[in-house]
Amino acid sequence: ARIMSFHNVSREALIGSATLGLIFIAGYYIGRSGRRRYRMNTFKSHVGGQSDPVMQYLLSHSLREHPALKKLRLRTMEHKWNFIMVACEQSQLMANLARLIKAKRAIEIGVYTGYNALSIALALPEDGKVVGCDINEEYANIGRPFWKEAGVEQKIDLRLQPAVKTLDELLAAGEAETYDFVFIDADKQNYDSYYEKSLQLLRKGGIIAIDNVLWGGRVVNPADDDLDTQAIDKLNKKLHTDVRVTLSMLTVGDGLTLAFKL
């Protein structure tokens, strides 16, 4: 077969080939930028808001922490996973909501070091109870001394097993519609299951608070291989049309949905 020499190729053919190559490269990068996922900064007082003057103003003019609660927050900040702690301003909002509805029985799905569990326990009456669902005793043990210092250790019933099992046990024990407040902040792919079981356990007028509903902005356009984000986005869309609740989605922390059972 005859091999064409580079010198035999016309100038027009070379220019055409180069143009097509440039178009291909440009299309590739434009396509990549079109698939880029939207990201936003998580804006918690301890993650993203530490140096923000408005956030610091907010804290200095509204935050009211029990001494033991503050100590636990500062202790948690020493831990490598401190960024997953519920922001103090968000925790205070939820505790105030619990007070507003005169909550007596609460469930927390995802305890970590127990900062928010302590905050909610302090908002409940003396005979109140928080059922804490988690699988990591090491992290929870960080908070136990502070629960005791605050005088609410007896209010926090920590169940160290998969949360779905704990919720099923509560339902099997006949405790449906006996809880006032539920906070969901655990593994995202089980969010829908946690929501459905929590709704069964919640009384009418009770509140389910769901954390991380904006998930750093990833919910705007979930990646095909991001199952956590897909699960959050799916629940967000479901809640929007769920006639069993009224709701508000807030840009607090990493996004917080408040669902009020009708």
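Note that the coordinates shown come from a computational prediction; the quantities given were computed from them, not determined experimentally.
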What do the steps show when you test Lys71 against Glu149 for salt bridge (charged side-chain N to carboxylate O under 4.0 Å, His left out), and what is the final call? CA-CA 10 Å; Lys71 289 179 184 177; Glu149 180 181 336; 2.8 Å; yes

Could you go through Asn212 and Asp185, starting from their C-alpha distance and side-chain angles, then the distance that decides it, and tell me whether this counts as side-chain contact (heavy atoms from CB on, under 4.5 Å)? CA-CA 7 Å; Asn212 303 122; Asp185 184 21; 2.9 Å; yes

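- Using a distance-only test at 3.5 Å, with no hydrogens or angles considered, a donor-acceptor pair links the side chain of Asn236 to the main chain of Val213.
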Test salt bridge (charged side-chain N to carboxylate O under 4.0 Å, His left out) applied to Lys44 and Asp254, step by step: CA-CA 7 Å; Lys44 300 180 181 181; Asp254 196 19; over 6 Å; no

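- A distance-only check finds a donor-acceptor pair linking the side chain of Gln230 to the backbone of Asp224 [under 3.5 Å].
- A donor-acceptor contact closer than 3.5 angstrom links the side chains of His79 and Tyr112.
- Between the side chain of Lys104 and the main chain of Asp127, no donor-acceptor pair closer than 3.5 Å is present.
- Relative to the ring axis of Trp147, Arg144 does not place its NZ or CZ within 45° and under 6.0 Å from the centre.
- Of the possible donor and acceptor atoms, one in the side chain of Lys188 sits under 3.5 Å from a partner among the backbone N and O of Ala186.
- Linking ILVMFWY residues whenever their side-chain heavy atoms come closer than 4.5 Å, directly or via other members, places Ile156 and Met85 in the same cluster.
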Apply side-chain contact (heavy atoms from CB on, under 4.5 Å) to the pair Ile207 and Val182, showing each step before the final yes or no. CA-CA 6 Å; Ile207 301 172; Val182 180; over 6 Å; no

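- Take Lys237 and apply the side-chain hydrogen bond (donor to acceptor under 3.5 Å, both in side chains) test, not counting sequence neighbours, and it matches Asp233.
- Side-chain atoms of Asp192 never come within 3.5 Å of backbone atoms of Leu235 as a donor-acceptor pair (strictly under, hydrogens ignored).
- The pair Glu177-Lys204 does not count as a salt bridge, with every side-chain nitrogen at least 4.0 angstrom from each carboxylate oxygen.
- In terms of modelled atom types and a separation under 3.5 Å, the side chain of Asn190 and the main chain of Ser193 share no donor-acceptor contact.
- The distance from atom CD1 of Ile208 to atom OG of Ser198, rounded to the nearest 0.5 Å, is 5.0 Å.
- Qualifying side-chain hydrogen bond (donor to acceptor under 3.5 Å, both in side chains) partners for Glu175, counting only residues two or more places apart in sequence or in other chains: Arg105, Tyr179.
- The structure places NZ of Lys197 at 3.5 Å from CG of Asp168, a figure rounded to the nearest 0.5 Å.
- For Lys155, the side-chain hydrogen bond (donor to acceptor under 3.5 Å, both in side chains) test picks out no residue, with sequence neighbours left out.
- Atom CG of Leu258 sits about 8.5 Å away from atom CG of Leu247, to the nearest 0.5 Å.
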Run the numbers on Leu93 and Leu256 for side-chain contact (heavy atoms from CB on, under 4.5 Å), then give the verdict. CA-CA 11 Å; Leu93 169 64; Leu256 175 69; 4.2 Å; yes

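- In this structure, Glu196 pairs ionically with Arg244, as a charged nitrogen and a carboxylate oxygen lie closer than 4.0 Å.
- Asp187 places no side-chain N or O within 3.5 Å of a backbone atom of Gln189 that could act as its donor or acceptor partner.
- In this structure, the side chains of Lys70 and Tyr115 stay at 4.5 Å or more apart for every pair of heavy atoms.
- Cys88 contributes atom SG, which lies 8.5 Å from atom CG of Leu69 (distance to the nearest 0.5 angstrom).
- Not a single salt bridge (charged side-chain N to carboxylate O under 4.0 Å, His left out) links Asp134 to another residue, sequence neighbours left out.
- No donor-acceptor distance shorter than 3.5 angstrom exists from the side chain of Gln154 to the backbone of Lys148, with no hydrogens or angles considered.
- A donor-acceptor contact closer than 3.5 angstrom links the side chains of Gln161 and Glu169.
- Lys261 places a side-chain N or O within donor-acceptor distance of the main-chain N or O of Leu202, the cut-off being under 3.5 Å.
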Carefully, step by step, assess Gln90 and Asp211 under the rule side chain to side chain donor-acceptor pair (under 3.5 Å). CA-CA 10 Å; Gln90 177 181 329; Asp211 203 17; 3.2 Å; yes

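- Here the side chains of Val130 and Asp157 are not in contact, with every heavy-atom distance at 4.5 Å or above.
- Ring planes of Tyr57 and His61: parallel class, angle under 30° (limits at 30 and 60°).
- Looking only at distances, a side-chain donor or acceptor of Glu89 sits under 3.5 Å from a matching main-chain atom of Ser45.
- The structure places CG of Leu199 at 12.0 Å from CG of Leu167, a figure rounded to the nearest 0.5 Å.
- Judged purely by distance below 3.5 Å, without hydrogens or angles, the side chains of Tyr195 and Gln200 never pair a donor atom with an acceptor atom.
- Under a hydrophobic-cluster definition in which Ile, Leu, Val, Met, Phe, Trp and Tyr are linked whenever side-chain heavy atoms come within less than 4.5 Å, directly or via other members, Ile184 and Ile135 are assigned to different clusters.
- Applying the side-chain hydrogen bond (donor to acceptor under 3.5 Å, both in side chains) criterion to Asn82, with sequence neighbours excluded, gives no partner residue.
- Summarising the geometry of Pro125 relative to Ala103, their closest heavy-atom pair is CD-O, 3.3 Å, with the distance given to 0.1 Å.
- Tyr191 and Val131 fall within a single hydrophobic cluster, where Ile, Leu, Val, Met, Phe, Trp and Tyr side chains are chained together by heavy-atom contacts under 4.5 Å.
- The environment of CG in Leu59 is crowded: more than 12 heavy-atom neighbours from other residues, nucleotides or ligands sit within 6.0 Å.
- With sequence neighbours excluded, no residue forms a ring-ring contact (aromatic ring centres under 6.0 Å, His included) with His240.
- Atoms CZ and CG, on Phe183 and Leu97 in that order, are 12.0 Å from each other to the nearest 0.5 Å.
- Tracing side-chain contacts under 4.5 Å through hydrophobic residues (I, L, V, M, F, W, Y), one never reaches Leu201 starting from Ile120; they form parts of separate clusters.
- Linking Ile, Leu, Val, Met, Phe, Trp and Tyr residues whenever their side-chain heavy atoms come within less than 4.5 Å places Ile109 and Val245 in a single cluster.
- Within the 4.5 Å cutoff, the side chain of Cys133 has heavy atoms near those of the Ile107 side chain.
- Considering Lys129, Arg99, Arg203 in turn, Arg203 is the only one that fulfils the salt bridge (Lys or Arg N to Asp or Glu O under 4.0 Å) rule with Asp180.
- Nearest heavy-atom pair, Leu118 versus Ala150, reported as atom, atom and distance to 0.1 Å: CD1-CB, 3.7 Å.
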